[in-house]
Amino acid sequence: KTSAKAQAYLRYLALQRRIDEESRLTGIPCIRRLDAVLKSPIRSMLYFIWDDVFYEVERNPKGGLRITLGSPKNLTIAWNGLPGNLDAAFTNETQNSAYFFRRNRYWKYDFEQQRLLRGYPRTLSRVIPRGLQGVVRDNGVTQFFSRTGLYQHTDGDVRPRHVTKEREGTVDAAFPIFTKGYYATVRGSLYTIHKTSTGEPLQSFTDRSLRADFGLPFCEQDERDKGVGAGSSSAHLKLDTLREVCQAYFVIQYHTNDTSVMPEGCELFNGESGFGELQPF
């Protein structure tokens with residue numbers, strides 16, 4: 001006899017197949033500018049959203065990242081009537097849900113039920129900064145990137161705290177990566193990974209190419225986008241090459257007492273034992 005949990009999972013898969021089929025788009029539209037990037041609370045997947053279209057990028061079991069079959073998809077059809085031209089989005093992993101922002105309103109989406117919740121959209125509280133461009137939540141701290149700068153809100157506080165001035169907080173999108181304690185900001189076709197605790201960028205993951213690392217088709221190439229990162233020597237490595245460098249380092253560390261310094265960027269790969277495929281982020 002099939003358990004209730006198994007039946008629910010089968011219904012989830014059937015609904016997902018139908019949504020995938022109905023939301024699939026013909027042709028491959030290019031990305032003009034990202035509106036938001038969302039991390040799934042239940043799958044190892046990122047959603048890159050612009051206008052009313054999105055690409056799904058998942059972890060490849062064999063290593064690396066890949067765009068899923070069927071991408072790009074129609075946002076409104078796939079996500080139960082969610083409007084396009086969003087300003088920002090972020091995931092609440094404890095609730096398996098996501099919030100989407102557009103102007104002065106926001107929507108809440110339940111990933112387990114795969115639907116927008118009733119009672120939404122709602123009007124944003126006045127304490128939330130206007131002109132949102134990205135939201136990142138990690139370990140009880142929510143960061144709001146807006147046209148007027150960067151704001152931080154710690155659970156229990158009355159209102160967000162203004163951290164940086166205008167321009168310093170300006171991004172196209174911001175999202176937490178798979179590795180805890182880090183998040184990424186997006187400007188044009190480039191992305192940078194930061195430490196959540198300090199906001200400092202990782203030199204080897206500063207101004208890296210979304211085209212090269214994620215396979216995303218941008219309509220226009222940023223003049224700084226050369227297909228790899230800018231800055232340190234490891235930033236110039238392709239993601240697959242950097243993974244091989246890190247894997248070699250972890251293997252040596254596991255089998256010897258070598259005390260050499262970890263190559264830049266290897267902290268984002270989950271291969272400390274040196275075995276299995278190294279996954280980025």
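The first residue in the sequence is number 1, and the count goes up from there.
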Inset, instruction - Starting from the C-alpha separation in whole Å, work towards a yes-or-no answer on side chain to side chain contact (heavy atoms under 4.5 Å, CB included) for Val57 and Leu216. - result: CA-CA 9 Å; Val57 175; Leu216 296 171; 4.2 Å; yes
Inset, instruction - Just do the side chain to side chain contact (heavy atoms under 4.5 Å, CB included) check on Ser209 and Asp213 with the steps written out, would you? - result: CA-CA 6 Å; Ser209 170; Asp213 290 352; 5.6 Å; no
Inset, instruction - Would you please test Phe205 and Tyr191 for side chain to side chain contact (heavy atoms under 4.5 Å, CB included) and show each step? - result: CA-CA 8 Å; Phe205 277 88; Tyr191 74 98; 3.8 Å; yes
Inset, instruction - Please assess Asp110 against Arg115 for the test salt bridge (charged side-chain N to carboxylate O under 4.0 Å, His left out), listing each intermediate value before the final yes or no. - result: CA-CA 6 Å; Asp110 188 307; Arg115 65 180 181 86; over 6 Å; no
Inset, instruction - Could you go through the side chain to side chain contact (heavy atoms under 4.5 Å, CB included) check for Tyr55 and Thr68 one step at a time? - result: CA-CA 8 Å; Tyr55 275 93; Thr68 63; over 6 Å; no
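Rounding to the nearest 0.5 Å places CD of Glu58 at 8.5 Å from OG of Ser71. Note: Glu56 CD to Lys73 NZ = 3.5 Å, rounded to the nearest 0.5 Å. Rounding to the nearest 0.5 Å gives a distance of 10.0 Å between CG of Asp35 and CZ of Arg102. Phe48 CZ to Leu34 CG: the interatomic distance, rounded to the nearest 0.5 Å, is 7.0 Å. Rounding to the nearest 0.5 Å places CD of Gln113 at 10.5 Å from CG of Asn80. Note that the CZ atom of Arg147 and the CG atom of Asp87 stand 7.0 Å from one another [nearest 0.5 Å].
Aromatic pair Phe90/Phe175: ring centres not closer than 6.0 Å. When ring centroids are compared, Trp79 and Tyr47 come within the 6.0 Å threshold.
Side-chain contact check for Leu116 versus Leu82: some heavy-atom pair is nearer than 4.5 Å.
Listed for the Asp52 side chain is no donor-acceptor partner under 3.5 Å among the backbone atoms of Leu75. Although no hydrogens or angles enter the test, the distance criterion places no donor-acceptor pair under 3.5 Å between the side chain of Ser125 and the main chain of Ile128. Thr91 places no side-chain N or O within 3.5 Å of a backbone atom of Ser40 that could act as its donor or acceptor partner. Thr192 places a side-chain N or O within 3.5 Å of a backbone atom of Asp207 that can act as its donor or acceptor partner. Judged by distance alone, the side chain of Thr206 and the main-chain N or O of Leu202 form a donor-acceptor pair under 3.5 Å. Side-chain atoms of Thr123 do not come within 3.5 Å of backbone N or O of Arg105 as any donor-acceptor pair.
Between Glu93 and Lys39 there is a salt bridge, since at least one side-chain N of the basic residue sits less than 4.0 Å from a carboxylate O of the acidic one.
Within a 6.0 Å sphere centred on CZ of Arg103, heavy atoms belonging to other residues, nucleotides or ligands number 12 at most.
The minimum heavy-atom distance linking Arg211 with Phe218 is given by the pair CG-CD1, 3.9 Å. The minimum heavy-atom distance linking Ile67 with Gly215 is given by the pair CD1-O, 3.2 Å. The two residues Leu46 and Pro176 have their closest heavy-atom pair at CD2-O, 4.3 Å. Closest heavy-atom contact between Val135 and Ala88: CG2-CB, 4.1 Å. Residues Leu210 and Gly188 share a closest heavy-atom pair of CD1-O, 4.2 Å. When all heavy atoms of Pro83 and Thr76 are compared, the closest pair comes out as CA-OG1, 4.4 Å.
Residues passing the side-chain contact (heavy atoms from CB on, under 4.5 Å) test with Ser197 are Lys195, sequence neighbours excluded. Every residue two or more places apart in sequence or in another chain that forms a side-chain contact (heavy atoms from CB on, under 4.5 Å) with Asn92 is listed here: Thr94, Gln95, Ser97, Tyr99. The side-chain contact (heavy atoms from CB on, under 4.5 Å) test applied to Thr196 returns Asp138, Gln143, Tyr183, not counting sequence neighbours.
Across Phe144, Tyr151, Tyr106, Phe145, a single residue satisfies side chain to side chain contact (heavy atoms under 4.5 Å, CB included) together with Leu132, and that is Phe144.
Taking hydrophobic clusters as Ile, Leu, Val, Met, Phe, Trp and Tyr residues chained together by side-chain heavy-atom distances below 4.5 Å, Phe101 does not share a cluster with Val141.
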